Engineer: 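This structure is in C-alpha cells; I'll ask about it shortly.
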Amino acid sequence: MQKRGPLPRAETHPCARQASPSGGTHTSVGGSAPYRNPHLAVEERVADLLARMTLEEKIGQMTLVEKGSIRPEDIATCCIGALLSGGGSAPPVNSPAAWADMVDGFQEYALRSRLGIPLLYGVDAVHGHGNVYGATIFPHNIGLGAARDPDLVERIGRATAEEMAATGTYWNYAPVVAVPQDIRWGRTYEGFGEETELVSTLGSACIRGLHDGGRARRPEVPIAVLATAKHYLGDGGTAWDSSRTFNIRRYRIDQGDARVDEATLRAVHLPPYVAALRAGARCIMASLSSWQGTKMHAHRYLLTDVLKHELGFQGFVVSDWEGVQPLSEDYYTAVVTAIRAGIDMVMVPYDYPTFIATLKRAAERGDVPLERIDDAVRRILIAKFLVGLFERPYAERSLLPTVGSPEHRELAREAVRRSLVLLKNEGVLPLAKDTPLIFVAGQAADDIGMQCGGWTIEWQGKNGNITPGTSILEGIRRTAVGATIQYDRMGRFDTALDPGGRPLLADVGIGVVGEMPYAEGLGDREDLSLSREDLAVLERLRQRCRRMLVILLSGRPLIMTEAMAHWDAFVAAWLPGSEGQGIADVLFGDFPFSGKLPYAWPRSMDQVPLAVTGGTPLFPFGYGLER
Ligand code: BGC
C-alpha cells in the first residue's frame, strides 16, 4: 500500500497566470540579488528574499505536496515550497540513482521559478532511507531505545543523512519523539521508549546526527539534512478507542485524544521537544491527535503560545498528512484555523490548487493576517538557507555509493547486536558454533520484510525479500559453521530421521516468530497475544529439540507469559532491519547481550496500558539479562 495521491483537476488550477508580479512569463531574478549571496548572514538573505516575494509566492512556499499529485510545471508557477514522498511513493524504478533523478527533476522546475527558490524534498527515513531499495535499514527506534546509546543513534543519524543527501532528499520526517504510554498503539515501535528522559536523550541525538551528517565534506552547510521532531504534542498519550480516523478500518488509538491534564502533558510529552530545540531542531510536525478534544492542528495555545513563544522555537511547524481538512467541514475555516493556530507549512498533500486558492482568499480578506504569512515564510526560508539548498539544490551524487554501503550495514549490524534484550536464559546461551544439530523454525527467521517492519519500501512494510539484507537464518548459517542447520518455516521436521527412521532430536531449536509488518493506526491492536499460528510452530519445535530458544520480532512487547514457561531462553529482537547477522553475532557469543527493555513487558492484557493499571509487569522497564 502506498501513500500517494491523484493529480488535481485542471479547472482548479490557481496560479498559472499569477506567480509573476508582472503577470507574464517568469523572468528569473539575477544572480546578484543579496539573497543569492552565500557570504551574507541568513537573516539578511531571508529579509531580502521575503521583500521580493508576492503573496502567491509566499503561499506557494507554505505548500507541501505529495509528489504523485504535483504537475511539475506548477512547482515553478506556484513557487511550491516542498514536495514529499509518502510511505512507498518511489520512482517507477526504485533505485538510489532513480530517486536522485526524480528529485533533481522536480528541483529543476523550482529553480526555474521567478525567484529560483529551491524545494525541500521530504521522506520518512525513520529507520534509514527506508523507501529506497537497497538502502541500509536500521533497527526501528524501539530497538535503539533498548540499546540506550546516544552516540550510536547519532552515528545512525549521520549515516541516514548521507544516504538521503545522495538522493537529494534533504528533509527527514524523523525522529518520532513520542513517549508512547499504551503499547496497543501501532506506532509504539517508532518511539524510543515509554520514558520521557530516554526519548529526550535519543531523540536529540538523532537530530544532531541528521543535521551533522557528513558535514565534514561541506562545512559551510549548517544542516546536512533537516530533521523533524514529531508529532507535537501528546501523540503517545492518546486514549484507547478515542480515535475517529478511518482508513480501511477505524483506527483505535492512533490520532486519538490525549485525555491528560496539562501538568501531565508537560511532564511526560513536552520535554523531548525542549531537548530537540536544544539540539537545534528547525522543524516540528504537528500531531494528528487531539488534546482534551481539541485537534493539535488547531491548537493555538500549544503550537504558538507554548512552542513558539514560551520555548522560543524559531523553526517551522509542518502539518501532518491531511491534517487541516478535519478541522472543519468548511475548508476555508479549516485553513484559517490551522494557519492562525501556528501551522507554517501545510502537507496538503493532494489538492494543492484548492489549498492555495483558499489561503489566498483568506489572506486577501484579512482572515489570515499578512504578518502571520510572513512569519511562516520567514521560518521556512531560514530552514532552507541553513540546509544550504540555494548552494546545493541537487542530490549529492558522490554519496550514492554510501547507500547500503558495507560501512553503513556494519553500523546497522552493530545496532542490531546492541538492541537485543535477553529476557530468559536457562543454560542455553551463548550457543556453540559447532552445536551438532540446530532446527530453526518460524517465518520470521527468513523474512527480511518482517524483520524490517513498517515504513520499509512500502508505507505498511511488506513480507519477503523486499530489499537486500541478511535474514536471521542466513546469519545463523554463516556463523554456526560447525553445525548442521535445518530450517522449516512451520516447525515440521518430518524428514529429519535417524538411520533407524526415528525422529531426530535437535540439540537446539531456535523459533523465530512475531508480528507481520504494519504502520500507524493499521497497527493498533486490542489483543497483543502471540498468534495461534506462532504458538503452534513453537509447540511443534518444542517436540523436536532438547533446548529451545525463542526470538521475537515485534514492534512492542507481546503477551507470552504462559508459553514462555516452555522455552529455555527468550530474546526480544524488536524490528532489527536489514542486518539480521547482528542477531547471530550475539547468539553465538561473539558479542554480549546488553540491551535493556525500553517498555515494561506486561504479564497479561489486563495490565495494558501499564501506565494506567499500574500493574506489576512480567519484566520491568530497564530489564535485560547479560548472560
Ligand atoms: C504520518 C507522519 C508522516 C507523514 C508523511 C503521516 O501519515 O503521521 O508521521 O511523516 O504521514 O508520510
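When a ligand or atom number is given, it counts from 1 through the structure's own listing order. Note that the structure is a prediction, hence the values are computed from the model and not measured.
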Engineer: What atoms of ligand 1 come closer than 4.0 angstrom to any heavy atom of His231?
Structural biologist: 2 (C), 8 (O), 9 (O)

Engineer: Inspect the contact between Glu162 and Arg158 and indicate whether a charged nitrogen and a carboxylate oxygen are less than 4.0 angstrom apart.
Structural biologist: no

Engineer: With only distance considered, is Asp320 within less than 3.5 Å of ligand 1 through an N or O on each side?
Structural biologist: yes

Engineer: Please say whether more than 12 non-hydrogen atoms of neighbouring residues, nucleotides or ligands are located less than 6.0 Å from CZ in Arg278.
Structural biologist: no

Engineer: Under 4.0 Å from a heavy atom of Trp321: give me the atoms of ligand 1 that qualify, with their elements.
Structural biologist: 6 (C), 7 (O), 11 (O)

Engineer: May I ask you to check if Arg392 and Tyr170 form a cation-pi contact, with NZ or CZ under 6.0 angstrom from the six-membered ring centre and within 45° of the axis?
Structural biologist: yes

Engineer: Before accepting this row, confirm whether a basic side-chain N of the pair Glu526/Arg184 lies closer than 4.0 Å to the acidic partner's carboxylate O.
Structural biologist: no

Engineer: Please identify which atoms of ligand 1 are closer than 4.0 Å to at least one heavy atom of Tyr173.
Structural biologist: 10 (O)

Engineer: Between Arg187 and ligand 1, which residue portion shows a heavy-atom distance shorter than 4.0 Å: side chain, backbone, both, or neither?
Structural biologist: side chain

Engineer: Taking Asn94 for its side chain and Tyr133 for its backbone only, find out whether a donor-acceptor pair lies under 3.5 Å.
Structural biologist: yes

Engineer: Between Tyr232 and Tyr273, what is the ring plane arrangement, given parallel below 30°, perpendicular above 60°, and tilted in between?
Structural biologist: perpendicular

Engineer: Please state which part of Leu84 comes within less than 4.0 Å of ligand 1, counting heavy atoms only: side chain, backbone, both or neither.
Structural biologist: side chain

Engineer: Please check whether Asp124 reaches ligand 1 - meaning an N/O of the residue sits under 3.5 Å from an N/O of the ligand, judged on distance alone.
Structural biologist: yes

Engineer: Are any of the N/O atoms in Lys230 less than 3.5 Å from those in ligand 1?
Structural biologist: yes

Engineer: Give the ring-plane orientation class for Phe106 versus Tyr121, where under 30° counts as parallel, over 60° as perpendicular and anything between as tilted.
Structural biologist: parallel

Engineer: Against ligand 1, does Met285 come closer than 4.0 Å with any heavy atom?
Structural biologist: yes

